[in-house]
Amino acid sequence: MEKVISVTNLRKQYKKEVAVENVSFELERGSIMGLLGPNGAGKTTTLKMITNLCFKDEGKVVIHGVSIDHNAKAALSKVGAALDTPSFYNELTAKENLECFAALHKASSEKQVMELLDLVGLKEVKEKKVKAFSLGMKQRLGLARAMLGEPELIILDEPANGLDPQGMVWLYRMIGRLARERKITFLVSSHLLHDMEALCTDVLILHKGKSILQGKTQDVLAEGADTVICTIQEVREFENMLLHLPGIRIVKKWDDCFTVRLEGMSLDAFIKKIVERNLHILSITKRQNTLQELFLKLTGGAEVCVF
């Protein structure tokens, strides 16, 4: 697959404080990476180094085979970005704002401006002055601005800020659709780990400027997912089996439903043990990790309870 962006060992220090240290990743065309972590984790600084808006102390950024150190203009020519809170000319309308920015892109046209306003759901308010826009509407206009010039990589910094739940669903569906249908690659920062879980093909979680979890989302969530929720007809016999079976720990029991941690046994082996004892399985489900649970485990946060 074609690599759209390659980031190697990014580092940024402000006086005595290291904001970002040793961050590396690669993204293929049409993928969506979530750059995740709490506020102050180094997400915005990382994005600003990638877009050449702040100088990096160390590291390398290559976009479509071009290093931003050698030719930043060429490297960023197919990159659209919306960083920090979107800012516009408040006395101009949504349409006029986009037309101003479109003038900076040779590939943009009035037709594209109208198409983008329609795409982000602002066509009906195109003649409304931006000063009357809500933050959510400005976020939509920011996405439209980032798409001017038909970029192949779009970088969004906390794009869900100010959006209500309906607006968030719209945003995530839009990003997913653009990635699937137009093969646009997205790099999206967020502190909303749970919300980004279903959207992102790749994740990189930062904590205090360092990468603590990285990889394909499905692989990250599958790794170490060792909790099983099962319902067995013979409750007493099953509980007795669990108490005497090495590598098994009962996390929770409620009536005939057990939450079990497999600490030294695979799921297949566990099921085989149940069948060997002629116990009847009514239901059994392997519980998948969540990004939030993994983050808390890795950072020493509060213990995650399984219900």
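In the hydrophobic clustering of ILVMFWY residues, with side-chain heavy atoms under 4.5 Å counting as a link, L279 and L243 come out together. Note: the hydrophobic cluster containing L153 does not contain M196 (ILVMFWY, side chain heavy atoms under 4.5 Å, direct or indirect links).
Rounded to the nearest 0.5 angstrom, S266 OG and K286 NZ are separated by 8.0 Å. One finds the SG atom of C100 at 7.5 Å from the CD atom of E96 (value rounded to the nearest 0.5 Å). Distance CG/L204 to CG/L35: 6.0 Å, rounded to 0.5 Å. Interatomic distance, L193 CG to L36 CG, rounded to the nearest 0.5 Å: 5.0 Å. Here the OG-CD1 distance, from S283 to I232, works out to 7.5 Å after rounding to the nearest 0.5 Å. Atoms CD1 and CZ, on I250 and R261 in that order, are 13.0 Å from each other to the nearest 0.5 Å.
Between A146 and A82, the closest heavy-atom pair is CB-N, 4.4 Å. A179 and G30 get closest at one heavy-atom pair: CB-O, 3.6 Å. Shown here for V79 and P151, the closest heavy-atom pair between the two residues is C-CB, 3.9 Å. The nearest pair of heavy atoms linking M174 to L119 is CE-O, 3.0 Å. Contact between A144 and L98 at its shortest, heavy atoms only, is CB-CD1, 3.9 Å. Closest approach of K43 and G37 over heavy atoms only: NZ-O, 2.9 Å.
Looking at heavy atoms from C-beta onward, V260 lies out of side-chain contact with T227 at the 4.5 angstrom threshold. Contact annotation: the side chain of L156 approaches that of I175 to within less than 4.5 Å [non-hydrogen atoms, C-beta and beyond]. At a threshold of 4.5 Å between non-hydrogen side-chain atoms, the residues I155 and L83 count as touching. E158 is listed as a side-chain neighbour of N39, based on a closest heavy-atom distance under 4.5 Å. Side-chain contact between S211 and L213: absent, with no pair of heavy atoms (C-beta onward) separated by less than 4.5 Å. Between K273 and L245, some side-chain heavy-atom pair lies under the 4.5 Å cut-off. Between L141 and V130 the shortest side-chain heavy-atom distance falls below 4.5 Å. Counting heavy atoms from C-beta outward, V7 and S24 have side chains that stay 4.5 Å or more apart.
Between R277 and E237 there is no salt bridge, since none of the side-chain N atoms of the basic residue sits less than 4.0 Å from a carboxylate O of the acidic one. Salt-bridge check for D69 with K56: passed, with a basic side-chain N closer than 4.0 Å to an acidic carboxylate O. Between E152 and R29 there is no salt bridge, since no side-chain N of the basic residue sits under 4.0 Å from a carboxylate O of the acidic one. With respect to K297 and E293, no salt bridge is recorded, no charged nitrogen being found less than 4.0 Å from a carboxylate O. The pair K3-E28 does not count as a salt bridge, with every side-chain nitrogen at least 4.0 angstrom from each carboxylate oxygen.
A donor-acceptor contact shorter than 3.5 Å links the side chain of Q139 to the backbone of N161. In this structure, the side chain of H244 engages the main chain of N240 through a donor-acceptor pair within 3.5 Å. Side chain of T231 to backbone of L282: no donor-acceptor contact under 3.5 angstrom is found. Side-chain N or O atoms of K95 include none that pairs as donor or acceptor with a backbone N or O of V113 at under 3.5 Å. At least one donor-acceptor pair under 3.5 Å links the side chain of N97 to the backbone N or O of T93. Using modelled atom types, one side-chain atom of E197 and one backbone atom of L291 make a donor-acceptor pair closer than 3.5 Å. Listed for the K183 side chain is no donor-acceptor partner under 3.5 Å among the backbone atoms of S31. Proximity of a side-chain donor or acceptor of R11 to a complementary backbone N or O of E58 within less than 3.5 Å is not detected.
Cation-pi geometry between K12 and Y14 is met: under 6.0 angstrom from the ring centre, within 45 degrees of the axis.
Side-chain contact annotation: D157 with S189, donor-acceptor N/O pair under 3.5 Å present.
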Please output the side-chain donor-acceptor pairs of residues 45-53 that fall under 3.5 Å, not counting sequence neighbours, one pair per line with the distance.
from, atom 1, to, atom 2, distance (Å)
T46, OG1, G42, O, 2.8
K48, NZ, D84, OD2, 3.3
T51, OG1, L47, O, 2.8
T51, OG1, K48, O, 3.4

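Classification of the F88-F101 ring pair by plane angle, with boundaries at 30° and 60°, yields perpendicular.
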